[in-house]
Each structure stands twice: as structure tokens, then as C-alpha cells.
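Structure record follows, encoded as C-alpha cells.
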Amino acid sequence: MFWKAGAQEESRRLAHFDRDRLLVQRAQRDPAAFDALYRRYLAQVYSYAYYELGDHHEAEDATERTFLLALSGLPRFEERATPEDGEGASTFRVWLFRIARNVVANQRRARRRHPTAPLEAASTTADPLDLEARTTERAAAADAWAAVDRLPGDRRRALLFRFVDEMSTAEIAGVLGRSEGAVRVLIHRALRSVARDLRSADER
Amino acid sequence: MTLPIGDRLEAEALLTDHYLDALLAANDRHAQDAPSDPRLDADLRRAAAWLRSSLTRVHPSFRFEERLAARLAEVAAGLRLAPAAGGEGGSVPFPGLAFDPSQEPGPGFDDEKGRDAGPSRELLIGGALTSAALSIAGAAFVAWRRSRGQGSPMARAVRAARESRALGRLPEVDARRALD
């Protein structure tokens, strides 16, 4: 079962490479074509910034900076990934999230404090009028965010990339500049910390 | 046989990684049941399932999306025009530029430490703008020279020296030095 899931993940990742390659080439020829890449990755970049910063306005600011930097740096970007390159190959998404990671890290440093208020409504619900469901989801998202926010730098980032942006281990390794083995250990340890938090919350 | 601690951790991490692959793939298929692997600790499985359901992707507001799209289109138009204007236009960072996006922070990078960085913005200066700035600076310099007037002691001394050279005689002080 695991091998099958791994193969699916791999084929999804390679399809992802191909889709990006055409759009990147078009955007490098004509910067106006960057809009397609922007629309594709907006929610992913914004979500990452939102969970990292815990504030809607700061997430918007980080998202804006990320895409502006990506647009101005696009002529220097080289898409080197081919299916033969296999895991750890460079992709536009990896490059974009490296920028996002730097922008968010700078914002966190500049702020040097964590927000006192819990995360705002973080999830979308099927029925916006279902207030009870909304409240429950908000509470769950705020609890999850609090648990993730307690983690040290790269463990937190790795977990967010894995769960929120659904990145493969290879992609996360590319963004964080670490080996895949190191990323697997980061995620494993992060998950153990969250599990400990959950257990102690149960005991209270 | 027992594995060394490092190897055991890596083996557990690999197991967790495979489990997460399966969990995320199940979610993509909208599967009702989460995958179960008895080899993985139950607490870890529970934490993974909890994070999977709680850490959902967040969408920004439509207003923000369109505003940023317009801003990017504006910048993209500027990027297309810059080479057409002669190609001499460069990218000049605002003071306090945070970083170069191509720069790697390195594996030891930690956002809790390090320097403060201000906001980063870039300003494009084309050839036309540069030449206009030079013209203004030139005009200002000429106006400043004229405004200094003719009556300053230095100006008088220079004029006297020039006139005396034109008449073929040295100023008094220099003549005396020459005789010494």
C-alpha cells in the first residue's frame, strides 16, 4: 500500500514539474504571463505565511513581497527539473517557497514577538452559516496552530510544508536546504512533540 | 538484533514519512478511513490525523487576490518596458533591502536569531529618468555658481592674477619671492 502511495506521489510531483515548466518559460518570455503562476500558488504561499505568522494582515504582506520578489527574480530562475533528475530536483515551487520562507523569517524576526490572540478563522467550511461547525473548526485550527507554533524553526516549517502545502519530502528538502533524511527526522520529531502535547491536553 | 539509536530514529522517520504519504493520498481521494499501520505509534497516527484535519489550506480574500494581481501586472509591464527604454535601466534596491531571493540562508538558518530587516522594495530607474536627473543637477550647479556673485575675495584675487599675467608682470608678492 505504501509503495503504491509513494508511486502516486512521485507521478503527481513529476506532472507538477511539467505544468510549471511551461508556465515558467512563458513568464520568462513575457512577465505578464506570471499571473498564471501567481494564481496557482497564491493560496499555498498565503497559507504557509498565515500559519507561520498567525495574522491575516501580516500573511498578506508576506505573500505580496514573495510574489513581487519572485516576479523580479524570475529571469534568473532556471528550471532544471526533469523526470530523470528524480527527487530533490529544482522546481519553481521549491524556489518560490524558498523566497516565501525568507520573507516570513524576516517578518518574524522584525516582529520578535508572537501574536497574543489565537489564529483567526483558519478553515473554510462547507456552509458558512453553520456557526457551530465554524466555531469547532476555528477552535481546532487554533489548537493545531498553537501546537505547531511551539515547535522550533525548521521542524515547524517542515510540518507546515508537509500538511498545509502537501509537499513531498524531496521538495521540503529543497526549500529548507537539507537532506531528505534530515527532513524526515525533522517531521518525525515534530509529530512526536505534537503527539505529546495532545496526550498532555487529554490528561488535563 | 537492535539498531543503533541514529539508525532507529531514521527507520522510524521513514515509517512516519510513508504513513504521511498514505494519509495525504487518502485525503486526495476523499477516502473516509485514515490509513492504519500498526508499526507506527498510535499517538503519532492520532497527531498526524489531527493535524491533517486541522491545518487546512487558507485562501486570502478575493479583494486581496485581485489587488495583488493588479500590482504584479503593473510591475510586469514595467519589466517589459525597461529593456525597450534603452536597456540601461537598472534595479536599485530601496535602503534596507532585506535580501536577495537567490541567496541561500543555509541549513543552520534560524529565524529566531539574526539581524532585523526592513521592508524590501525595488525601484526601476530607466535611462530617461537618469538623464533628467543629471540635467537638473547641472542646471542647479550653474545657478549656484552664478548666485555666488563677482565680489568675493577669492574671485577678486583670481581676476587680479589673470590681469597681471596678461600684462606681463608678476603680482607684487611673487616678484619679491623671485628676487630672493
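This structure is a prediction, so every number in the text was calculated from the model and none was measured. Letters A, B, ... mirror the listed sequences (proteins, then strands); counts begin at 1.
Heavy atoms closer than 4.5 Å to chain B are found in the side chain of Ala147(A), but not in its backbone. Heavy atoms closer than 4.5 Å to chain B are found nowhere in Val183(A), neither backbone nor side chain. With a 4.5 Å cut-off on non-hydrogen atoms, Arg196(A) does not touch chain B at all. If you measure heavy-atom distances from Ile187(A) to chain B, the contacts under 4.5 Å come from the side chain alone. For chain B, the nearby part of Leu160(A) is the side chain; its heavy atoms alone come within less than 4.5 Å. Looking at Ala73(B), there are no atoms closer than 4.5 Å to chain A (heavy atoms on both sides), in backbone or side chain. Looking at Thr66(A), there are no atoms closer than 4.5 Å to chain B (heavy atoms on both sides), in backbone or side chain.
Using a cutoff of 4.0 Å between basic side-chain nitrogens and carboxylate oxygens, Arg65(A) and Asp61(A) are scored as salt-bridged. Ionic pairing of Asp41(B) and Arg192(A) is not present here: no N-O contact between side-chain nitrogen and carboxylate oxygen is shorter than 4.0 angstrom. With salt bridges taken as basic N to acidic carboxylate O contacts below 4.0 Å, one links Arg162(A) and Asp21(B).
Outside the 6.0 Å centre-distance limit, the rings of Phe34(A) and Tyr38(A) are not counted as a close aromatic pair.
Of all the listed residues (Val148(A), Leu71(A), Val194(A), Val185(A)), the one sharing the greatest number of non-hydrogen pairs under 4.5 Å with chain B is Leu71(A).
For Glu74(B), the salt bridge (Lys or Arg N to Asp or Glu O under 4.0 Å) criterion is met by no residue, not counting sequence neighbours.
Among residues at least two apart or in separate chains, ring pair (Phe, Tyr, Trp, His ring centres under 6.0 Å) pairs with a member in residues 148-187 of chain A are Tyr48(A)-Phe161(A), Phe97(A)-Phe161(A).
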